[in-house]
Protein chains: 2
Amino acid sequence: MAKVNVDLQRERDSCSFNITELTHWIDGGIEKTEERRKREEMALKEGIHIEPVPSVYLSHKEKYELAVKKACLLFKMIRKLQEEENAGMENYLAVLGGNLGAAILGDGNPLTLHYVMFIPTIMGQGTVEQQAYWIGRAFNLDIIGTYAQTELGHGTFVRGLETTATYDASTKEFVLHSPTLTAYKWWPGGLAHTANYCIVMAQLYTKGKCHGIHAFIVQLREEETHMPVRGIKVGEIGAKLGMNGTNNGFLGFDQVRIPRDHMLMKNSKVLEDGTYVNAPSSKLAYGTMMFVRVMLVNDMCKYMAKAVTIAVRYSAVRRQSQPKPNEPEPQIIDYLTQQHKLLVGIASVHAFRMSAEWLWLMYNNVTAELEAGDMERLPELHALSCCLKAVSTDDAAKCVERCRLACGGHGYMLSSNLPLTYGLVTAACTYEGENTVMLLQTARYLVKAWQQAAAGNSLPPTVSYLGELRAGRRSPPWDNTIEGIVKGFHMVASGKIGICVAQIEKRQNNGMSYEDAWNMTSVQLASASEAHCRAILLSTYYKENEKQMKTVSPELRQVLMQLCDLYVVYWALQRIGDLLRFTSISERDIEQLQNWYEDLLIKVRPNAVGLVDAFDIRDEILNSALGAYDGRAYERLMEEAMKSPLNAEPVNQSFHKYLKPLMQGKL
Amino acid sequence: MAKVNVDLQRERDSCSFNITELTHWIDGGIEKTEERRKREEMALKEGIHIEPVPSVYLSHKEKYELAVKKACLLFKMIRKLQEEENAGMENYLAVLGGNLGAAILGDGNPLTLHYVMFIPTIMGQGTVEQQAYWIGRAFNLDIIGTYAQTELGHGTFVRGLETTATYDASTKEFVLHSPTLTAYKWWPGGLAHTANYCIVMAQLYTKGKCHGIHAFIVQLREEETHMPVRGIKVGEIGAKLGMNGTNNGFLGFDQVRIPRDHMLMKNSKVLEDGTYVNAPSSKLAYGTMMFVRVMLVNDMCKYMAKAVTIAVRYSAVRRQSQPKPNEPEPQIIDYLTQQHKLLVGIASVHAFRMSAEWLWLMYNNVTAELEAGDMERLPELHALSCCLKAVSTDDAAKCVERCRLACGGHGYMLSSNLPLTYGLVTAACTYEGENTVMLLQTARYLVKAWQQAAAGNSLPPTVSYLGELRAGRRSPPWDNTIEGIVKGFHMVASGKIGICVAQIEKRQNNGMSYEDAWNMTSVQLASASEAHCRAILLSTYYKENEKQMKTVSPELRQVLMQLCDLYVVYWALQRIGDLLRFTSISERDIEQLQNWYEDLLIKVRPNAVGLVDAFDIRDEILNSALGAYDGRAYERLMEEAMKSPLNAEPVNQSFHKYLKPLMQGKL
């Protein structure tokens, strides 16, 4: 192994806690760490991730071809594992998603939706017979599927989809059709040139009546030749900001006929004669959506951990400026402004990780209750998953971008891996429910909860604070502690929701419809929803951290407390306006908070490198010239540059074709 | 011309003002509009910008080759113009920079620095003889130059550069050398494979003594063969987030000898015997830097105008959701949250445009004063240009990204042109002075100004408010009007600077050095600097708008006032915490401001399309499937998708190579 940069080594030597202890704590125990490392070793040892010429230098078409090659080799490996170890679904997902997936297929995997959407949808919505037939073929990779819902003209609003599936009782077939250009399916990963089967969400018509959106399995391409089947228009949607390996596609139907049993009929059914039989419950479909959102929050932690690891290590290596004459240029991490940009990112990883774990537990409980027929906590979980999806993706995108900018010009290099990471993260702000729409979904729940509290009803745990704070009208004296701040955030959320409710009522009293009053108040509603989420995040992080750090060494405990304090005080300072409006915080308190924050930065700074080392992200996964464990940032930047095909020749052909004629006045 | 989307046409029909009148007003008169249109027509009529296969589908190398081809054809055109019309420098810059430059070379121009840095540096720092020799060759394009300052290990801190130029009196030559890897020049545009000459900034050594950074002209490549000359190691730095057409390069020297007269000697000199003669003034070099920053603010307006044009038009075409049963899906621009994301962007273009014009005037005045030997206002101008550079690039980047996200998934398509625009804008947050460093430069000036005010001295115009507000200690009653808010922002800036000064003093009194006290306060200093810039921006926009709108029609005046109000109220709501801390604004005022803001959104919304139409950005310049004038967003998305080379074949070769073997268990 190459020598480690001396500055970085010194940081590690002076770390006040045991880095390995923190790694185990993050993973949830030494066994979990070993398991994760084993999985990483297994996924990387065959070298599928290695690119002789980095894919960033390839053409769009070559990028796709390389992505298919890698994805196929990866799937082959997964299939082998499956045969050997009978490993569960979550193991495939672990290899396909998050940092490990991104390490192998850095700009997206054209086969992901096969495991992530195609198989789960059949499992969730197919009858036992359908499952028996399709799941076997899919698990065996005899066919490769994807999932097509979004259309060119229709995204978040699912009821607006235009694709039709009309039942023809005479032939016992459904006829799929795209009545307009805006009805074309648009976006599904792997749809363009990769999948040969697809779940298609379409408006079901039978006996002349529309029954809303249902799922159908449609063959897209011939199994032998891969040619599109008759009536199918399929292709790719073109180059994107990121994820150019995912092969996102479009899909149009010109009266495509499929057998009746290609409709997934676990819930609703169409009988042979065309009779529609209603679903026992439509709420069940929420399950998958929520599952995906919980997973998303987890993925966001991974991406943030990656970005902050890169930026912190580079900031320990990079030296700049000379504030004091005759002293060497300081490491840039010694600048308080740099600490301000980076250290809260480390804390955010822990905050979101603990919130994701807590949400995961709640998800499992609610799912168990659901199966027992109890739907009471479903709306609460739905509301939570919506706002956490929005806030975690938004915070993660900002964190990654802040890390990139904190690396100066070199962060702009693709070899830093920060731009590609941003491309993956910012996409999540839009997919699986656009963030503003998500916040407003939660706001609907909060407004209802407020009204229930006003009516004297008790509220579910995560919104019970609304009732309590409504009860005690008088603002208690401000308490300038972590607990006090967390309580302050609840008061902010409660205050904002209260104002929204009052505004809507006032507007209705002035003659507006409820819908218009809602729309006029929606900027404030989105903000109230975000405030609710912040209160949840801060209190969950604080409570879980207190609980989980009981078992660690005193050295580590101190650092974990500092991180949590840093996070809470950081957010207090970010939301001073709200705290001033809804609590009795004073100017003196604010100045104290500011100094507290500055002290915390200085306290956390010496452990910054240890804290990111503890995320234990292998160099192959980090994939960053700036962030590698050895800190040879400059050497690696140059090594990566030399991989550019442009550098293979001293003189590019365009000199002879254009530059020289231009300079000689002959162009 | 194709039919215009009906929703977009209706927006135009119902616009309350004359769009052409606004265009003329923005350009500064009908003649200016015509001149601009003529220049655009001239630059685009030869079709250099047209790409049969969009360059986003090409490999990195092919992108470069296409960029060279286009840049050479563009330069040929410029040279022709020069011969025909004897047009001035600003005309080349207009064609190379901003939206027009981006329309022709969407991802950067490998030849830009020839006109933007190489020639101006020789003009600014060369002797008359040097100018006579080099400028002629450069203008004639006999040689192509670039400018190399930044090194792999050294950016913003210029004094830290490592490249040396050591004078050898025995041969009357300078020896250029890169003593370390971190001394390699890194980043200059066109350096990699394009330029054959270069201005190199290096530490000058003569008679054993270092005299700091000076400029040298170095030949990089043989004029006939383009092969790197002996001792020169040159190549490209690799793929980046954006600007992949600029051919950014690295450059290392192994004892490269150049004649003595290749040092630019207008200011400092090295005589034949090696005697160093000092520069009469080193402040003059600030001129170019400030010029570039003023130009940057202007460019940021252009990029914001582009982004907001795309997003507003698309938001008028896109329909989504169904808040009211039995009504059609609304245009998404009817959602208040969407208006909140977009409309302030329109106002920002005007705010920054007027601030840039005002700064430009000040720059010209100060430059004239400088030439007369008066340097009094130089520090003020420097401080202004620093913070405006930081805030304009930061606001522009956020504006473009908000516009992109407001377009949902389709904003993520490169054919929207929003990602590429973001790549260009976010780069400006780092180059020409990293933004945090810029803010802290301004903060230094503000702290000094505060201390001068404390000592009873009068202050230059843009900081005179510090003295006035210090004088009247008691906070005046809050005035909930535009003037009142602008005044409030001055109070915020003044309050923040005052706290910073007190904090630094307190820390020094506790035994810290000034430098450490400065660093510990730097997060607050950067924030104070930003607050100063906001106060300048708001007051300049308000004052200039009042002045300039006197001559327009009443219909237009009303809209311009609404826009300015919207901008000011928006920022007041963004900075409620600051206003609560430093003014006597009340909760009631805040709720009124919020409702005022909501009303303004509703008032501006019907004119949104007209307001962006008035920016008068040709489709070729906008280059966006989502934002074209005709609003055929969906048709254009599909047309652009069909240009992907992947769509030229129904089945990609990777099916036979990988997918089919995988599905048949033969991989």
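Only this structure's heavy atoms are used, side chains among them; waters, hydrogens and symmetry mates stay out. Reminder, nothing fancy here: chain letters follow the sequence lines and each chain counts from 1.
Between chain B and the residues A:V317, A:L418, A:L440, A:N595, the largest count of heavy-atom pairs under 4.5 Å involves A:N595. No other option in B:N140, B:I499, B:V56, B:T225 has as many heavy-atom pairs under 4.5 Å with chain A as B:T225. Put simply, of B:S321, B:G235, B:S415, B:A192, the one with the most heavy-atom pairs under 4.5 Å next to chain A is B:S321. Taking chain B as the reference chain and counting heavy-atom pairs below 4.5 Å, the highest number among A:E515, A:R319, A:R137, A:K657 is found for A:E515. Counting heavy-atom pairs closer than 4.5 Å to chain B, the top-ranked of the candidates A:N247, A:T194, A:L73, A:L336 is A:L336. When A:Q653, A:E434, A:E62, A:M642 are compared by the number of non-hydrogen pairs under 4.5 Å with chain B, A:Q653 comes out ahead. When each of A:R159, A:R507, A:E635, A:K63 is checked for heavy-atom pairs under 4.5 Å with chain B, A:R507 comes out on top. When A:P54, A:A397, A:G242, A:G411 are compared by the number of non-hydrogen pairs under 4.5 Å with chain B, A:G242 comes out ahead.
Here the shortest heavy-atom pairing between A:Y64 and B:S654 reads CE2-OG, 3.8 Å. Shortest non-hydrogen contact noted between A:M413 and B:I237 is CE-O, 2.9 Å. Across every non-hydrogen atom of A:G160 and B:E329, the tightest pair is CA-OE2, 3.6 Å. The minimum heavy-atom distance between B:T426 and A:Y412, with the atom names listed, is CG2-CE1, 4.1 Å. Between B:T430 and A:G408 the shortest heavy-atom distance is CG2-C, 3.4 Å. When all heavy atoms of B:R318 and A:G155 are compared, the pair lying nearest together is NH2-N, 3.4 Å.
With B:N652 as reference, A:E65 is the one residue of A:E65, A:H193, A:E236 to meet the side-chain hydrogen bond (donor to acceptor under 3.5 Å, both in side chains) rule.
For the atom pair CE (A:M520) and CD1 (B:I602), the distance works out to 4.5 Å, reported to the nearest 0.5 Å. The CD atom of B:Q524 lies 13.0 Å from the OG1 atom of A:T337; values are rounded to the nearest 0.5 Å. The structure places CG of B:L141 at 12.5 Å from CD of A:Q664, a figure rounded to the nearest 0.5 Å. Between atom CG of residue A:L646 and atom NE2 of residue B:H60 there is a gap of 5.0 Å, rounded to the nearest 0.5 Å. Annotation: the span from A:Y335 atom OH to B:T436 atom OG1 amounts to 12.0 Å, rounded to 0.5 Å. A distance of 4.5 Å separates CZ of A:F250 from CE of B:M638, quoted to the nearest 0.5 Å.
Looking at B:L58, the atoms closer than 4.5 Å to chain A (heavy atoms on both sides) all sit in the backbone: N, CA, C or O. When heavy atoms are compared at a cutoff of 4.5 Å, A:K643 does not approach chain B at all. Looking at A:W186, only its side chain comes within 4.5 Å of chain B, counting heavy atoms on both sides. Heavy-atom distances place the side chain of A:Y184, and not its backbone, under 4.5 Å from chain B. Neither the backbone nor the side chain of B:N435 has a heavy atom closer than 4.5 Å to any heavy atom of chain A. Residue A:I590 touches chain B through its side chain alone, counting heavy-atom pairs closer than 4.5 Å. Interface residue A:I143: only backbone heavy atoms are found under 4.5 Å from chain B. Residue B:Y514: no heavy atom, backbone or side chain, is found under 4.5 Å from chain A. Of the atoms belonging to B:A427, heavy atoms from both backbone and side chain fall under 4.5 Å from chain A. Contacts of A:D578 with chain B are absent, with no heavy-atom separation under 4.5 Å from either backbone or side chain. Neither the backbone nor the side chain of A:S416 comes within contact range of chain B; no heavy atoms are under 4.5 Å apart. Neither the backbone nor the side chain of B:R575 comes within contact range of chain A, judged by heavy atoms closer than 4.5 Å. If you measure heavy-atom distances from B:D334 to chain A, the contacts under 4.5 Å come from the backbone alone. Using a 4.5 Å cut-off between heavy atoms, A:R221 contacts chain B through its side chain alone, with no backbone atom that close. For A:P228, the part sitting under 4.5 Å from any heavy atom of chain B is the side chain, from C-beta outward, and nothing else. Neither the backbone nor the side chain of A:A406 comes within contact range of chain B, judged by heavy atoms closer than 4.5 Å. Heavy atoms closer than 4.5 Å to chain A are found nowhere in B:L525, neither backbone nor side chain. Both the backbone and the side chain of A:M243 come within less than 4.5 Å of a heavy atom in chain B. Heavy-atom distances place the backbone of B:E223, and not its side chain, under 4.5 Å from chain A. Proximity to chain A is absent for every atom of B:L439, based on heavy atoms less than 4.5 angstrom apart. Looking at B:E587, only its side chain comes within 4.5 Å of chain A, counting heavy atoms on both sides.
Not counting sequence neighbours, the partners of A:E649 by the salt bridge (charged side-chain N to carboxylate O under 4.0 Å, His left out) test are B:K61. Qualifying ring-ring contact (aromatic ring centres under 6.0 Å, His included) partners for A:F655, counting only residues two or more places apart in sequence or in other chains: B:H226.
Note on B:K506 versus A:E591: no salt bridge recorded, every NZ/NE/NH1/NH2 to OD/OE distance being 4.0 Å or above. In this structure, A:E224 pairs ionically with B:K660, as a charged nitrogen and a carboxylate oxygen lie closer than 4.0 Å.
The main-chain N or O of A:A239 is found under 3.5 Å from a side-chain atom of B:Y57 such that the two form a donor-acceptor pair. Between the A:H410 side chain and the B:L152 main chain, a donor and an acceptor come within less than 3.5 Å of each other. Judged by distance alone, the side chain of A:R581 and the main-chain N or O of B:L580 form no donor-acceptor pair under 3.5 Å. Checking side-chain atoms of B:Y658 against main-chain N and O of A:K70 turns up no donor-acceptor pair under 3.5 Å. Counting only distance, with no hydrogens or angles, the side chain of B:R79 and the backbone of A:L662 share a donor-acceptor pair below 3.5 Å.
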Derivation of the side chain to side chain contact (heavy atoms under 4.5 Å, CB included) call for B:F75 and A:L667: CA-CA 10 Å; B:F75 269 43; A:L667 190 71; over 6 Å; no
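Residues B:Q503 and A:Q594 bring no donor and acceptor atom of their side chains to less than 3.5 Å of each other.
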